S.K.: 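Dropping a structure here in structure tokens format, bear with me for questions.
Everything quoted here is computed from the prediction, not taken from an experiment.
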Amino acid sequence: MRKLFVASSLLILPLIVGAFSSPALAWSDHYTITTGALRPVTSLVGKTVPYTSFQSLVHALGYANRIDFNTHMQISKHYVFAPKLGEKPGQQISVLAILSKYSDEPDWGMDQELFGPHEYPQLWDPAYSMMGGKLGVPSQAFRHMYWQAFDIWHPLETFKLPLNKEFKSMGQAPERAALFVQLSREAHAKGQPYWSVRFLADALHYLQDCAQPYHTVQVPTIKFLYFPFFSKYGHGLHHFVAQMTNIIVYYHFSFEDFVAKVMVNALNGSGNIAGNQFLAYLSADKHGPRSLSYQDHNMARLVRHMAHLGMKQAAAAGSASIKFFPKIDEDYLTMDPRFKDHEMGVPVPPQHKIGFEDATWWAKTEAAGAHSSPARQQYFNVIRKMFGPLGYAVRQVVTSELNWLTNP
């Protein structure tokens, strides 16, 4: 019976999978990931660079103004590279603080809603409707994901729509990471060390995005297709796409938000067991996979290889999420726009509040993470398999690109 259902699921998969919209934020908090990954890099401890204004950078690089720079980068023309660490001209700023803080920057709006008539309509590809569309936070997904071409060894994970993209990759994360690395090098060459470090932090963001399994595939696991049929709250094929969208979004958010919260608590000194374990994963791998070597200084290649590792862990990530997090309830399986509200940052009316990430949800999840169980072991194992190589890759990129700081 199970084989029959899997076979029938594969038949309907092409009809529905393209309509699922994943969240566009791969990790809830890149700050904690960068901080954890760079803990072993003692050569950067105490290193500082002087802050210079963005306008001085723009002139040094040969652009007329901010709009000219943004247009060349094809980021939102309204985006401002604002100082978020209280920087003042001439002030010495910690290199580690810059790398950690600004590794979140690409999620602050630079890649959102770029397809309008006053932005870059030529960037639009109809295939991007499968990745997030044109509006809101999901509109940045095409730059924060990477789905590789169909791989015969991983047919379910690499299957995607539209069919004309089946044997091509989708997503610009590798190219955006490489672009910011190049910009970092140019800033250093023009005597702008602060911006060299900050642009490198931006590049790390896209590398980290592709270490999130949910950002490397369209549907992480075929098990998600079972819920509408076998859950007591399921509605079968009625509003199937809406149900599946909410299911995937629920587990996507759960997978990453738990990681972020417990690591933030650990960095704040709360002694969180799970958070300390995740931080240890990031800093433990001294000799990562050969595929993640950065000796060729090719950032795009590195990101693609990181995404390949994420793709290979996608099914395990989906399965572990189902087992580890609180069971999905009726609200998550109905045709419900509230996850879109959550994703867009729109306040949810009190009468529509749901249990996702409320105090009870967190209590259940943190309790599951505090003791040994098969579900905990499976979830933690996926994080370990991604965070070990990710930490290794981050350290390679940073020490290589900033060797002018450690070996002047």
S.K.: Please round to the nearest 0.5 Å and tell me the distance separating atom CG of L179 and atom CD of Q182.
M.R.: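 The distance works out to 8.0 Å.
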
S.K.: Judged by modelled atom types alone, do T48 and S94 share a side-chain donor-acceptor pair under 3.5 Å?
M.R.: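 Looking only at side-chain atoms, S94 and T48 do not form any donor-acceptor pair under 3.5 Å.
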
S.K.: Once rounded to the nearest 0.5 Å, what's the spacing between atom OG of S321 and atom CD1 of I247?
M.R.: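 S321 OG to I247 CD1: 13.0 Å, rounded to 0.5 Å.
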
S.K.: Go through the structure and list residues passing ring-ring contact (aromatic ring centres under 6.0 Å, His included) with F324, not counting sequence neighbours.
M.R.: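 Checked F324 against ring-ring contact (aromatic ring centres under 6.0 Å, His included); matches are F258, Y379.
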
S.K.: Mind telling me whether Y102 and Y194 have parallel, tilted or perpendicular rings, with 30° and 60° as the class edges?
M.R.: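 The rings of Y194 and Y102 stand perpendicular, inter-plane angle above 60°.
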
S.K.: For S103, enumerate each residue passing the side-chain hydrogen bond (donor to acceptor under 3.5 Å, both in side chains) test, keeping only those at least two apart in sequence or located in another chain.
M.R.: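 So S103 forms a side-chain hydrogen bond (donor to acceptor under 3.5 Å, both in side chains) with T34.
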
S.K.: Would you call the rings of Y226 and F230 parallel, tilted or perpendicular, taking 30° and 60° as the class edges?
M.R.: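 Aromatic pair Y226/F230 classed perpendicular.
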
S.K.: Quick one: does Q208's side chain get under 4.5 Å of H144's, heavy atoms only?
M.R.: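 The answer is no; the side chains never approach within 4.5 Å.
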
S.K.: Sequence neighbours left out, what passes ring-ring contact (aromatic ring centres under 6.0 Å, His included) with Y31? Give chain and number order.
M.R.: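 Partners of Y31 under the ring-ring contact (aromatic ring centres under 6.0 Å, His included) test: none.
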
S.K.: For the side chain of D68 and the backbone of A64, is there at least one donor-acceptor N/O pair under 3.5 Å apart?
M.R.: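 Between the backbone of A64 and the side chain of D68 there is a qualifying donor-acceptor contact (under 3.5 Å).
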
S.K.: Among residues two or more places apart or on two chains, list those pairs meeting side-chain hydrogen bond (donor to acceptor under 3.5 Å, both in side chains) that have a residue in residues 306-318.
M.R.: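 Every side-chain hydrogen bond (donor to acceptor under 3.5 Å, both in side chains) pair that includes a residue of residues 306-318, provided the two are not neighbours, is Q148-H308.
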
S.K.: So, do W147 and M131 sit near enough that their side-chain heavy atoms are less than 4.5 Å apart?
M.R.: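 Yes, their side chains come closer than 4.5 Å.
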
S.K.: According to side chain to side chain contact (heavy atoms under 4.5 Å, CB included), who are the partners of Q91, at least two apart in sequence or on a separate chain?
M.R.: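 Per chain and number, Q91 pairs via side chain to side chain contact (heavy atoms under 4.5 Å, CB included) with K88, I93.
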
S.K.: To the nearest 0.5 Å, how far apart are CD in Q212 and NE2 in H30?
M.R.: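 One gets 9.0 Å once the value is rounded to the nearest 0.5 Å.
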
S.K.: How about H205 and D202: do any of their side-chain heavy atoms sit closer than 4.5 Å?
M.R.: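 Not touching, per the 4.5 Å side-chain cut-off.
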
S.K.: Does the side chain of M263 reach to within under 4.5 Å of the side chain of L282, using non-hydrogen atoms?
M.R.: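 Yes, side chains in contact.
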
S.K.: In Å and rounded to the nearest 0.5 Å, what is the NE2 to CD distance from H297 to Q396?
M.R.: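 The NE2 atom of H297 sits 9.0 Å away from the CD atom of Q396.
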
S.K.: Go through it in stages, so that I can follow the logic: the residues are V217 and F159, the test is side-chain contact (heavy atoms from CB on, under 4.5 Å), and I'd like the CA-CA distance, side-chain angles, deciding distance and then a yes or no.
M.R.: CA-CA 8 Å; V217 296; F159 177 87; over 6 Å; no

S.K.: Do Y214 and F255 make the cut of ring centroids closer than 6.0 angstrom?
M.R.: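 Centroid separation for Y214 and F255: below 6.0 Å.
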
S.K.: Okay, side chain of S139, backbone of E113: is any donor-acceptor separation there less than 3.5 Å?
M.R.: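 Yes, because the side chain of S139 sits within donor-acceptor range (under 3.5 Å) of the backbone of E113.
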
S.K.: Side-chain contact, heavy-atom cut-off 4.5 Å: I322 with F227?
M.R.: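 Yes - at least one pair of side-chain heavy atoms lies under 4.5 Å apart.
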
S.K.: Would you say the side chains of S100 and T35 form a donor-acceptor pair under 3.5 Å?
M.R.: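 Looking only at side-chain atoms, T35 and S100 do form a donor-acceptor pair, the distance falling under 3.5 Å.
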
S.K.: Taking the six-membered ring for Trp, are Y128 and F142 parallel (under 30°), tilted (30 to 60°) or perpendicular (over 60°)?
M.R.: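 Rings of Y128 and F142: tilted, 30 to 60°.
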
S.K.: Can you name the residues that form a side chain to side chain contact (heavy atoms under 4.5 Å, CB included) with S169, not counting sequence neighbours?
M.R.: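 S169 satisfies side chain to side chain contact (heavy atoms under 4.5 Å, CB included) with Y146 only.
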
S.K.: Under 3.5 Å, is there a donor on one side chain and an acceptor on the other for K223 and S319?
M.R.: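 The answer is yes; a qualifying pair exists.
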
S.K.: Applying side chain to side chain contact (heavy atoms under 4.5 Å, CB included), can you list everything that pairs with A60, at least two apart in sequence or on another chain?
M.R.: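 Scan of A60 (side chain to side chain contact (heavy atoms under 4.5 Å, CB included), adjacent residues dropped) gives K190, Q192.
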
S.K.: Between Y281 and I383, is any pair of side-chain heavy atoms under 4.5 Å apart?
M.R.: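 A side-chain contact exists here, since the closest heavy-atom pair is under 4.5 Å.
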
S.K.: Under the side chain to side chain contact (heavy atoms under 4.5 Å, CB included) test, which residues partner P389, sequence neighbours left out?
M.R.: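 Listed in chain order: D285, P289, L292, L309.
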
S.K.: By the side-chain hydrogen bond (donor to acceptor under 3.5 Å, both in side chains) test, which pairs, at least two apart or in different chains, include something from residues 115-127?
M.R.: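 Sorted result for residues 115-127: D125-K165.
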
S.K.: Return the CD to NZ distance between E87 and K101, rounded to the nearest 0.5 Å.
M.R.: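 Between E87 CD and K101 NZ, I get 9.5 Å after rounding to 0.5 Å.
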
S.K.: Answer yes or no: is there a donor N or O on one side and an acceptor on the other, between the side chain of R66 and the main chain of K77, under 3.5 Å?
M.R.: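 Judged by distance alone, yes, a pair lies under 3.5 Å.
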
S.K.: Closer than 3.5 angstrom, by distance alone: can the side chain of K160 be matched with the main-chain N or O of K168 as a donor-acceptor pair?
M.R.: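 Such a contact is found between K160 side chain and K168 backbone.
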
S.K.: Indicate whether the side chain of Q55 and that of N65 have a donor and an acceptor atom separated by less than 3.5 Å.
M.R.: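 No, because no side-chain N or O of Q55 sits under 3.5 Å from a partner of the opposite role on N65.
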
S.K.: Identify, with sequence neighbours excluded, every residue that meets ring-ring contact (aromatic ring centres under 6.0 Å, His included) alongside H59.
M.R.: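 So H59 forms no ring-ring contact (aromatic ring centres under 6.0 Å, His included) with any residue.
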
S.K.: Is the ring centre of Y251 less than 6.0 Å from the ring centre of F224?
M.R.: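 Yes; F224 has its ring centre under 6.0 Å from that of Y251.
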
S.K.: Without swapping roles, check the side chain of N268 against the backbone of V264 for a donor-acceptor pair under 3.5 Å.
M.R.: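 It does hold such a pair.
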
S.K.: Given the rule in the side-chain contact (heavy atoms from CB on, under 4.5 Å) test, do R384 and N381 qualify, once you have shown the distances and angles that lead to the verdict?
M.R.: CA-CA 5 Å; R384 177 183 63 80; N381 192 47; 2.4 Å; yes

S.K.: Given 3.5 Å as the limit, does a donor-acceptor pair link the side chain of S293 with the main chain of R290, or not?
M.R.: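 Pair absent, no side-chain N/O of S293 close to backbone of R290.
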
S.K.: Tell me, which pairs form a salt bridge (Lys or Arg N to Asp or Glu O under 4.0 Å) where one or both residues lie in residues 142-158, sequence neighbours left out?
M.R.: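 Salt bridge (Lys or Arg N to Asp or Glu O under 4.0 Å) check on residues 142-158 returns D111-R143.
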
S.K.: Decide yes or no on side-chain contact (heavy atoms from CB on, under 4.5 Å) for E401 and Y294, but give the supporting numbers first.
M.R.: CA-CA 10 Å; E401 296 295 335; Y294 193 63; 2.7 Å; yes

S.K.: For a 4.5 angstrom cut-off between non-hydrogen side-chain atoms, does T52 reach L57?
M.R.: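 Side-chain contact under 4.5 Å: no.
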
S.K.: Yes or no on side-chain contact (heavy atoms from CB on, under 4.5 Å) for L61 and L183, after CA distance, side-chain angles and deciding distance?
M.R.: CA-CA 9 Å; L61 294 180; L183 197 57; 4.0 Å; yes

S.K.: List the atom pairs, donor and acceptor, that lie under 3.5 Å between side-chain atoms in residues 78-85 and the rest of the protein, sequence neighbours left out.
M.R.:
| unit_1 | atom_1 | unit_2 | atom_2 | d |
| --- | --- | --- | --- | --- |
| Y79 | OH | E105 | OE2 | 2.8 |

S.K.: Got S184 and W195 here, is their nearest side-chain heavy-atom distance under 4.5 Å?
M.R.: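 They are not in contact (no side-chain heavy atoms under 4.5 Å apart), so the answer is no.
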
S.K.: Would the distance check show the side chain of S400 and the main-chain N or O of V397 forming a donor-acceptor pair, the cut-off being under 3.5 Å?
M.R.: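 Between the backbone of V397 and the side chain of S400 there is no qualifying donor-acceptor contact (under 3.5 Å).
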
